[in-house]
Every structure is written in structure tokens, then in C-alpha cells.
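First the structure, in the form of C-alpha cells, and then the observations on it.
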Amino acid sequence: MSGRVFALSDGNSFYCSCERVFEPALNGRPVIVLSNNDGCAIARTPEAKALGIQMGDPWFKIRDHATAAGVVARSSNYVLYGDMSRRVNDVYRRYARDVEIYSIDESFLDFTGDADPAGQAREMRATVRRWTGIPTCVGLGPTRTLAKVANHLAKKRPELAGVCDLTEPARQDALLPTVEVADVWGVGRASAAKLTAIGVMTAADLCAMDPRAARGLLTVTGERLVLELRGILCQDLELTPPTRKGIAVTRMFGRPITDLDELLEAVASYVARAGEKLRQHGLASADMTVFFHTGAHAAGPPRSVSGRAALWTPSSDTTEMIAAATVVVRRLWAPGFRYAKAGVMLDDLMPAGSATGDLLAKVDPRREQLMAALDQVNRRHGRGALVPARAGLTKRWSTKADMRSPAYTTRLSETPIARA
DNA sequence: TCTGGGGTCCTAGGACCC
DNA sequence: TCTGGGGTCCTAGGACCC
């Protein structure tokens, strides 16, 4: 046993609950919150679930039936949800020694060493409700995975009154057989299919599995899962948020796009938004991927393309990034398709303006030669002297293909779309 | 001239999460 | 006509080097 006690607390139907806080008339009524463009349902109250509305149901398909049944639909308001999330976490911090904010509506709490974790969880839950208006459920366990399972049970079993305690092995033995393996955190559709095919149907079955066999079937992720279900800690709380690895802005269009200029305009606005995010975090990126594709459900020929632009120096400059994105889009463009979605992703993030020339020497012994060559290229493109940002990039710069290219290199690819 | 093995880095793609 | 928008981690395989 780890001796640790973790709690997972999350807001019930969080987005819907936030809407109810500011509009109490919605209490007791079936409520759903819709995604961008009011595309589909992304949050549902129990009353809405009882009417058969599924996660991800397209609004245009269920609108008639839902409104007739008295369902209230709201467009999403992420500023509001973010603010409510902050308030809820402020309450958590009064009860837990440490808090890891896992998502907008879920946090892992460290209750290790507390005399009565379950009693504390009940009190915390009541306080959150009283101070913020948000109903929550809490799961307790010696590992994060068991705390997740406990939280799942707390939500599903009304008799538990919103708190499920799986810290004791006896409770684990009693309850794990009642949890379907697909409901274990980390077991998705593909893994669930593999597991049930060999007769592993419940969380208890998975717990009893040979860890090596789990690794063979599901890689290290599966092995860790088995150990964590047995109460052996594999992942502790992450108290300092890890630095971001990528920034993405992607959108479905409200209607299909068939015109290049329209697509360019959309992509430019996504790039501008991505640049804003970049500067907000004080970061820069030299690795941009742009993609667009037709709708998965739409009529007409399918097409999905993407292209990467490697910028010479890491940038967060909107004009520069839009120029690169425009080149990629033009090269990928083909008429005759009804494009439904596009996006831009920035990877290889690093602090803006970080300049450490000595890294280059470590990576490539032909430093002098390389520096001279890169300097020439940079001057030719009006970029002034070379400012290498970090080691990983020097490799890319040093290839011959990159030397010949103008401000950036592009790589394009097309992937088939699977049609149902 | 012929030949192999090991290490590292990078990339694409799958799977999963909320 | 209309079906979300972010993220992370892991692995396999190729390129490259010694």
C-alpha cells in the first residue's frame, strides 16, 4: 500500500451546473450545453440524459424532439465556466494539502494523513455546494486510478450520496467487480475491445491480470493501470503544471467552404489566434502544421490534407506566421471539395527570444561552417545575424534541403478519410 | 570491399483524456 | 444545411552515425 489518500472531485454536469447557478429557473429542468456553432451537445443534466440525449448528439438532429420534451439548450460560455472552476478550486484548497487541477471540472486532491478522509470529503462537498452552487462528486483511493474509479461509482450510485471511499482493500474487492472495464480511466474503445475479447470484463478482472500480460496487450499504459488498481502508486500528483508542448486552434466551419480565398481567410484568423496564445505564454514556435479536410458525414468526395512549415527562427509574429500558412494552404488547395474544418498547430514551443548560441556547438562539431552558412541565408532573407534558439532546431537547419529553401520549408501530406 | 550492430533522433499515427 | 476543441503519451520505423 502506498499509504497515500487521493481524492478526485468533479463538478456534476459542470457546464450545465454553471448555467443553473446564474439562472436558477433551470433547476430541475433538462438542460444541455452546446459546442461551438451550436454543433452538438457537450454537457447534459441527468434530466436531459433521462430523455435519451447522448454526449455529442448533433443539435440539428435532436432539436425538435428535445425542445418538445422541454429541454433547454445553451450555447457554451467558457469564460463563465473558467471563472466558476477557479472558485471551486479555491474551496478545495481549504481542505486538501495539495491540489492538481486536472481539467476545467476535475481536480485531484491530496488527503494523505488525514484522520477521516471520507468525512472531510463530505464536508468539502457541502461547502462547495453552499459557496459556489456547484454540485460535486468525490472519489477516494490510494492511487489516482482508484480515486477515479471511486468517483465513477459516486456518480452512478445515488445511495453513496456523492462520496465513494475505495481506500480500504475490502471496499475495493467489493466494488471493483461492479465496474465495467471500459469505465476504467485510461481504457478507451480500442483497449476495451482487446480486453473483453480475452475475458477481462470488469475492473476487478483487470486488477487481477498479470501486469506483464497487460503490458503485452496495452503497452506500459496497461501495466501501470493494473498496478494502480492494486493500490501501487505509479503517478503522483502533478503540482506544477507542465510547460505546454503545443498550441492548436481548429474549427469546424458553420457551412462548407469551396473557395480558396475564404479558406485563406479562415486559416489566417486561426493563425492570428494561435499567435495571441503564443505571446500570452511568452512562447515562440518554429514548427507550424496547417490542415483542412472535408466533413466526415458530408456528401461529395473526401479529402484531408496537412502541411508543415518549419520557420527559420522561432516566431510568434502574426504576419510572418500567416505568410507561411498561406504558402502551405495554397500548395495544398484543390477545388471541387466541400471543406468542413481547418486548423493550425504550433509545436516545439520555446521561450520567446531565448538565444543560446553555444547549444549549436554541442550538436554539431562543424559549428563554424554551419554558423557561417546559416548567417548568409539569414542575411539574404533580411533576418540579420543568426540567433539559434535551441539544440533541436539546429539539426533541422543543418540539412541541405533547408539551406536551399526560402524563409521556411514545407512538407505536405494527404491522408485518406475512412468513410462509414 | 563487404558487412553488422547499437545508439540516438525524428516523425507519423494511434489511443486516450476532458 | 447543420456533427466540438482542445490536449498528452506511447510506439514503431526510418535516417543517421560510429
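In what follows, every chain begins at residue 1, and chains take the letters A, B, ... in the order their sequences are listed.
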In B/S/- notation, 5' to 3', how is nucleotides 9-14 of chain C contacted by protein heavy atoms closer than 4.0 Å? SSS---
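One finds the CG atom of A:Leu225 at 9.0 Å from the SG atom of A:Cys234 (value rounded to the nearest 0.5 Å). Here the CG atom belonging to A:Leu264 is positioned 5.0 Å from the CZ atom belonging to A:Arg330, to the nearest 0.5 angstrom.
A heavy atom closer than 4.0 Å to some atom of DNA chain C occurs in A:Arg251, A:Met252, A:Gly254, A:Pro256, these being the qualifying members of residues 251-262 of chain A.
Closest to the side chain of A:Ser103, out of C:dT3, B:dC16, B:dC18, is B:dC18. Of the candidate nucleotides B:dC18, C:dT3, C:dG7, C:dT3 has the atom lying nearest to any side-chain atom of A:His297. Nearest to the side chain of A:Ala248, among C:dG4, C:dG5, C:dG7, sits C:dG7. Residue A:Phe60 places its side chain closer to C:dC2 than to any other of B:dA15, C:dG6, C:dC2. Closest to the A:Ala190 side chain, of the nucleotides B:dC16, B:dC17, C:dG7, is B:dC16.
Residue A:Lys148 places none of its side-chain N or O atoms closer than 4.0 Å to OP1 or OP2 of B:dC16. Checking the phosphate oxygens (OP1, OP2) of B:dC16, a side-chain nitrogen or oxygen of A:Ser191 falls inside 4.0 Å. For the OP1/OP2 pair of C:dG6 and a distance below 4.0 Å, the side-chain nitrogens and oxygens of A:Lys277 include at least one atom meeting the criterion.
By the 6.0 Å contact criterion, NZ on A:Lys49 is enclosed, its count of non-hydrogen atoms from other residues, nucleotides or ligands being greater than 12.
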Walk me through whether A:Tyr78 and A:Tyr15 qualify under ring-ring contact (aromatic ring centres under 6.0 Å, His included). CA-CA 9 Å; A:Tyr78 294 102; A:Tyr15 296 169; 5.7 Å; yes
For the pair A:Glu180 and A:Lys156, evaluate salt bridge (charged side-chain N to carboxylate O under 4.0 Å, His left out) and give the outcome as yes or no after the intermediate values. CA-CA 12 Å; A:Glu180 281 178 40; A:Lys156 272 189 87 167; 5.5 Å; no
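Rounded to whole angstrom, the span from the CG atom of A:Asp38 across to the P atom of C:dG4 amounts to 12 Å. As rounded to whole Å, 12 Å separates atom P of C:dG4 from atom CZ of A:Phe291. Here B:dC18 presents its C1' atom at 14 Å from CD1 of A:Ile101, a figure rounded to the nearest Å. At whole-Å resolution of the value, NZ in A:Lys194 and P in B:dA15 are 7 Å apart. One can place CE of A:Met55 at 9 Å from C1' of C:dG4, the figure rounded to the nearest angstrom. Rounded to whole Å, atom P of B:dC17 lies 21 Å from atom CZ of A:Phe14. Rounded to whole Å, the distance from CD1 on A:Ile62 to P on C:dC2 is 17 Å. Straight-line distance from the CD1 atom of A:Ile104 to the P atom of C:dG5: 16 Å, rounded to whole Å.
We find that A:Arg4 and A:Asp110 are joined by a salt bridge, their nearest charged nitrogen and carboxylate oxygen being less than 4.0 Å apart. A salt bridge links A:Arg308 with A:Asp287: the closest approach of a Lys/Arg side-chain nitrogen to an acidic carboxylate oxygen falls below 4.0 angstrom. Electrostatic pairing of A:Lys148 and A:Glu106 counts as a salt bridge here, judged by a charged N lying under 4.0 Å from a carboxylate O. For the pair A:Asp10 and A:Lys155, the salt-bridge criterion is met [side-chain N within less than 4.0 Å of a carboxylate O].
For the residue pair A:Asp348/A:Ser285, the side-chain donor-acceptor check at 3.5 Å is not satisfied.
Proximity of the aromatic rings of A:Phe108 and A:Trp185 is defined here by a centroid distance below 6.0 angstrom, and this criterion is met.
Aromatic ring pairs are classed by plane angle as parallel below 30°, tilted from 30° to 60° and perpendicular above 60°; the pair A:Tyr339 and A:Phe292 is perpendicular.
At the heavy-atom level, A:Val184 lies under 4.0 Å from the strands shown only through sugar-phosphate atoms. Residue contacts for A:Asp105: at a heavy-atom cut-off of 4.0 Å it reaches the sugar-phosphate backbone alone, with no base atom in range. Using a 4.0 Å heavy-atom distance criterion, A:Trp59 is classed as making no nucleic acid contact. If you check every strand for non-hydrogen atoms under 4.0 Å, A:Gly343 touches nothing.
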Starting at the 5' end of DNA chain B, what dot-bracket string do you get if Watson-Crick and G-U pairs under 3.5 Å are bracketed, crossing pairs use [ ], other-strand pairs use | and unpaired bases use dots? ....||||||||||||||
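Annotation: side chain of A:Ser75 is not in contact with side chain of A:Leu34 (no heavy-atom distance under 4.5 Å).
The residue among A:Ile247 and A:Lys61 whose nearest nucleotide of DNA chain C is located toward the 5' end is A:Lys61.
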